[in-house]
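First up is the structure itself, then whatever we jot down about it.
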Amino acid sequence: MLKTRFTEMFGVEHPIVQGGMQWVGRAELVAAVANAGALGFITALTQPTPDDLRREIARCREMTDKPFGVNLTILPTLNPPPYAEYRQAIIDSGVRIVETAGNNPQEHIAELKKAGVKVIHKCTAVRHALKAERIGADAISIDGFECAGHPGEDDTPGLILIPAAADKVKIPMIASGGFGDARGLVAALALGAEGINMGTRFMCTVESPIHQRIKEQIVANDERATELIFRTLRNTSRVASNTVSREVVAIESKGGATIDDLRHLVAGQRGRGVYEFGDPDAGIWSAGQVQGLIHDIPTCAELVSRIVREAEAIIDARLKGMRSAA
């Protein structure tokens, strides 16, 4: 068993996390991750209202008695959701772990900490990690350029970002972006992290609530099968490469594109439809470069067990063997 400051602080068996994913972080996946001994997060804003979130948390509790959390992502939008009401739903439901992401989480961290909630803040730069530490985050999830979703604008890959953050951040830190197997876990630990966060890899599991054809597409894809959209808008997002994302990139490449020029292509409901109906070209959907390391669709229990078992074997046999040989 691999014990780290992260597993001890958050009361989980293994240093593996399934972070929040829009339309994907639902109770059936989160409960399966928790039952496997890892830490899963319900995605708050996948639920239409705070009351729906309360019901989803209750549904998850019916399927597991192990720790799980809720992700609250704060992003700029023309019609912002009622973040404070979602936050209160989390507190009222007795959830003790929250993953924040996106814009400055200071207000949310302060209120969550008052209620005894531990907070992991997900960020893409060392400077953001240090600020989250200063304002009270209990742990950091540091997201490298390889990740699905928003990698920030610095384009720093995990091989550099993780140790750079580990040199300065004092609270526990998990590594995110490009992780999908035991080799990644061992590497993250060696680079100074206390565990790993996996998104795309957990999307491609039996319990993941997305269409089977999308899981099969992830298996078929390789590490080149992503696009970076919204680069010209300074809001970069890594998504699966398909006819829609390539059209977005083509429009942006002409220069001067605005969100209004792209809105019909990137609408959230189109992306949600990908997961519901199984057409990988129906809209924009998030996937990381780790697709190149995903070759099957296991249960969450099988996946977590395999990663931990193989990580222990790498540490015990390969790494210790190298030292003995020397």
Side-chain angles (χ1 to χ4, degrees), residues 18-25 29 43 46 73 75 101 122 124 143-159 161 176-181 184 197-205 208-297:
Q18 166 256 307
M21 293 178 281
Q22 184 72 341
W23 313 127
V24 182
L29 174 60
T43 306
T46 291
T73 297
L75 292 174
K122 191 173 184 179
T124 60
D143 219 343
F145 186 57
E146 305 90 336
C147 71
H150 296 278
E153 304 305 316
D154 295 340
D155 296 1
T156 308
L159 191 62
L161 184 61
S176 182
F179 295 99
D181 61 20
N197 175 78
M198 303 191 304
T200 307
R201 174 67 273 198
F202 274 120
M203 282 173 60
C204 198
T205 56
S208 170
I210 67 175
H211 199 285
Q212 180 70 14
R213 283 201 294 270
I214 303 306
K215 300 177 189 181
E216 292 168 357
Q217 185 66 54
I218 292 171
V219 172
N221 285 348
D222 64 19
E223 66 278 4
R224 300 167 299 171
T226 69
E227 303 290 342
L228 293 169
I229 63 172
F230 301 156
R231 293 290 268 175
T232 60
L233 303 179
R234 301 284 298 169
N235 188 29
T236 300
S237 184
R238 187 182 297 281
V239 300
S241 183
N242 63 9
T243 56
V244 182
S245 61
R246 290 191 292 271
E247 185 175 352
V248 172
V249 172
I251 292 171
E252 288 194 78
S253 70
K254 296 175 183 177
T258 67
I259 189 61
D260 287 333
D261 298 320
L262 306 172
R263 194 182 304 276
H264 65 292
L265 296 169
V266 302
Q269 289 304 314
R270 287 188 64 171
R272 182 177 185 177
V274 169
Y275 296 141
E276 289 184 358
F277 305 115
D279 179 358
D281 286 307
I284 295 293
W285 53 285
S286 291
Q289 292 181 310
V290 75
Q291 288 177 109
L293 303 178
I294 296 174
H295 309 302
D296 63 353
I297 308 171

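Atom set for the values below is all heavy atoms of this structure, side chains included, hydrogens, waters and symmetry mates excluded.
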Got a second to check how far [X]'s [atom1] is from [Y]'s [atom2], nearest 0.5 Å?
X    : Y    : atom1 : atom2 : result
L265 : I251 : CG    : CD1   : 5.0 Å
F277 : I210 : CZ    : CD1   : 14.0 Å
N235 : T232 : CG    : OG1   : 10.0 Å
M203 : S208 : CE    : OG    : 6.0 Å
D154 : L161 : CG    : CG    : 8.5 Å
M21  : L29  : CE    : CG    : 5.5 Å

Taking the side chain from [X] and the backbone from [Y], do they hold a donor-acceptor pair closer than 3.5 Å?
X    : Y    : result
R238 : C147 : yes
E252 : R231 : yes
R234 : E153 : no
D260 : R263 : no

Below 4.5 Å, heavy atoms only, C-beta onward: do [X] and [Y] meet side chain to side chain?
X    : Y    : value
P280 : N242 : no
R246 : S241 : yes
Q18  : N197 : no
Q289 : F145 : no
D143 : P151 : no

Checking side-chain hydrogen bond (donor to acceptor under 3.5 Å, both in side chains) for the pair Q22/T43: CA distance, chi angles, key distance, verdict? CA-CA 6 Å; Q22 184 72 341; T43 306; 5.5 Å; no

Nearest heavy atoms of [X] and [Y], plus distance in Å:
X    : Y    : answer
A148 : G288 : CB-N, 3.4 Å
S245 : E227 : OG-CG, 3.4 Å
G256 : D261 : O-OD2, 4.0 Å

Non-neighbouring partners of Q291 that pass side-chain contact (heavy atoms from CB on, under 4.5 Å), sequence neighbours left out: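 Q291 satisfies side-chain contact (heavy atoms from CB on, under 4.5 Å) with T200, I218, N221, A225, T226, W285, A287 once adjacent residues are dropped.
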
List for me each residue that meets side-chain contact (heavy atoms from CB on, under 4.5 Å) alongside S237, sequence neighbours excluded, and say none if there are none.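 Testing S237 for side-chain contact (heavy atoms from CB on, under 4.5 Å), a comparison that skips the adjacent residues, returns H150, I229, F230, V239.
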
Is it true that R201 and D296 make a salt bridge, defined as a side-chain N closer than 4.0 Å to a carboxylate O?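 Salt bridge present between R201 and D296.
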
Criterion side chain to side chain contact (heavy atoms under 4.5 Å, CB included) on V274 and D279, from CA distance to verdict: CA-CA 5 Å; V274 169; D279 179 358; over 6 Å; no

Step by step, work out the side chain to side chain contact (heavy atoms under 4.5 Å, CB included) result for Y275 and H211. CA-CA 5 Å; Y275 296 141; H211 199 285; 5.9 Å; no

Working for side chain to side chain contact (heavy atoms under 4.5 Å, CB included), residues L262 and L233: CA-CA 11 Å; L262 306 172; L233 303 179; 4.1 Å; yes

Checking side chain to side chain contact (heavy atoms under 4.5 Å, CB included) for the pair V244/R270: CA distance, chi angles, key distance, verdict? CA-CA 10 Å; V244 182; R270 287 188 64 171; 3.6 Å; yes

